[in-house]
Amino acid sequence: MPLPRRLSRELAAHDGEAVRIAGHLEEYRALGGVAFALVRDGSGTTQVTLKKGATDPAMFAALEGLARESVVEVEGTVARSERSRRGVELLPSRLTVVTPAEVPLPLGVVDKVGADLDTRLNHRVLDLRKPAVRAVFELRTAVLAGFRRAFLDRGFLEVETPKILRQGAEGGSTLFSVDYFGTRAYLAQSPQLYKQMLIGAGFERVFEIAPVFRAEPSDTVRHLTEIGMLDAEVGYVDDPEELRGLLEGIVADTVAASRADLERRGNPLAARLPEAKTPFPRVPFARAEAWLGRPGAGRDLSTEEERAVAERAERELGSPWFFLTDFPSAIKAQTFYARRQEADPSLTYYFDLYGGTLEIASGGLREHRVDRLRANMERAGVSPAAFEGYLEAFRFGMPPHGGWGLGIDRLVQALAGLPNIREARLFPRDRYRLDP
Ligand code: AMO
């Protein structure tokens, strides 16, 4: 019977026992009579201590000649040790080299000098072995689990909508086309049309967590071409405040649950997560324009303007989270599904949610009356005939509804304080990157 495999984090509870560990050989250092091998697994690093006289000399020789990052298995006895980081060390009785690593490593895992992001992403598997990089994906796991919990607690159904479409919803310029058995199809930019159709199906509340695709040619620290999107749609809402209340509650619960989860794991990002205290401030778009000194310009914010507005909001309103509300209809003209305000049709019921200096989510009330929806499409230069399947959902009884789309990569970027969105995805896709 092989000994049970234990993770590094579990060893302290097994003092004096014979165990087996396995992982990547991070480092081997021989200092006269003793030598240390650091073996890293998914939970941390174990110090294996070899002692001349007590340890089989063949083991010293095997480790001496072994490349860093090889996978090894070590059997031995757990012993208390003041000097090791975890308070315990492993006194080895048997070493197996499972798979040796090649030399040289294209990217060091424990090097003090940081590599540039391109090199890191080119050799992402090695990069992901770094505990600080792995920590981001523990955060991402916690965020996804937190969202699922928050949606399920609020009575939402989780749905999966098609990603190969005949038509896009978010404007033609960012559509990727694919050859679909000789006809042209597109990769979904958003589940937008389908989540609305499910409200027509009487599903009341739906959410989806899935990738979407944007042929986004801009090379920035906040744009990707494959994005993790969290979409939600809610039926029988007539007030955008109800939507904003739901969204901020879900974000606040998710941040709190993520913090608790990371604290349990001892993940240092727990202390970084910005407080998400509800209600988040509301900033009407017109107020943001006044801040920028360009009232009524009627165009969307540039990246620099977004940042300026976010900094001002944080300074004046004391929250890194805030809603930018009441987007002008002129700016949302292409967003044909956006509903105009009854009292002032020059404004929509659309809003963005900011976290830090990043736009994290956007959403609002939808136009649920089919004649007005068709008129919006025509104004946007979109042919209603091309959207018959979507429009059918509106022709046979559609409740008033609304929802939002939240960029998970941007949220993780904001929560972890990452300078570049690429670091928030395992294997990011951008204008120039298709590998690995
Ligand atoms: P929108 O296009 O604003 O809205 O997208 C919603 C959120 O997705 C994120 N996002 C991106 N993140 C990284 N790279 C990109 N290229 C990128 N594009 C968008 C942002 C943004 O706030 N259907 C609507 C949502 C709705 O109305 O329900 C939509 O997709 O965080």
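Start at 1 and go down the list; that is how both ligands and their atoms are numbered. Worth saying up front: this structure is predicted, and the values here are computed from it rather than measured.
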Do F336 and F387 have ring centres separated by under 6.0 Å?
->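 Between F387 and F336, which both carry aromatic rings, the centre distance is below 6.0 Å.
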
So is Q189 close enough to ligand 1, meaning a heavy atom under 4.0 angstrom away?
-> no

salt_bridge([X], [Y]) N-O dist < 4.0 Å:
X    : Y    : value
R205 : E233 : no
R431 : D219 : no
D409 : R422 : no
R120 : D116 : no
E305 : R294 : yes

Show me which atoms of ligand 1 lie under 4.0 Å from any heavy atom of [X].
X    : value
G407 : 7 (C), 8 (O), 9 (C), 31 (O)
I421 : 13 (C)
K195 : 26 (C), 28 (O)
S362 : 1 (P), 3 (O), 4 (O), 22 (O), 25 (C), 26 (C), 27 (O), 28 (O)
Q192 : 23 (N), 24 (C), 25 (C), 26 (C), 27 (O), 28 (O)

Just one of Q413, E359, E306 clears the side-chain hydrogen bond (donor to acceptor under 3.5 Å, both in side chains) bar with R222, so which one?
-> E306

Can you label the angle between the Y354 ring and the F322 ring as parallel, tilted or perpendicular, going by 30° and 60°?
-> parallel

List the closest protein heavy-atom neighbour of [atom]: residue, atom name, distance to the nearest 0.1 Å.
atom                    : answer
atom 17 (C) of ligand 1 : I227 CD1, 3.3 Å
atom 6 (C) of ligand 1  : G405 O, 3.5 Å
atom 14 (N) of ligand 1 : L224 N, 3.0 Å
atom 31 (O) of ligand 1 : I360 O, 2.7 Å
atom 24 (C) of ligand 1 : Y337 OH, 3.5 Å

Using a plain distance cutoff, I'd like to know if [X] has any nitrogen or oxygen under 3.5 Å from a nitrogen or oxygen of ligand 1.
X    : answer
R366 : yes
G363 : no
G364 : no

Counting heavy atoms only, which of M229, Q413, R410, H223 is nearest atom 8 (O) of ligand 1?
->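 Answer by nearest heavy atom: M229.
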
Would you mind finding which of R214, E359, R222, R425 brings a heavy atom closest to atom 5 (O) of ligand 1?
-> R214

Quick one: side-chain hydrogen bond (donor to acceptor under 3.5 Å, both in side chains) pairs with a partner in residues 318-335, sequence neighbours left out?
->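 side-chain hydrogen bond (donor to acceptor under 3.5 Å, both in side chains) check on residues 318-335 returns D326-Q341.
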
Please name all residues satisfying side-chain hydrogen bond (donor to acceptor under 3.5 Å, both in side chains) with Q167, sequence neighbours left out, ordered by chain then number.
->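 Checked Q167 against side-chain hydrogen bond (donor to acceptor under 3.5 Å, both in side chains); zero matches.
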
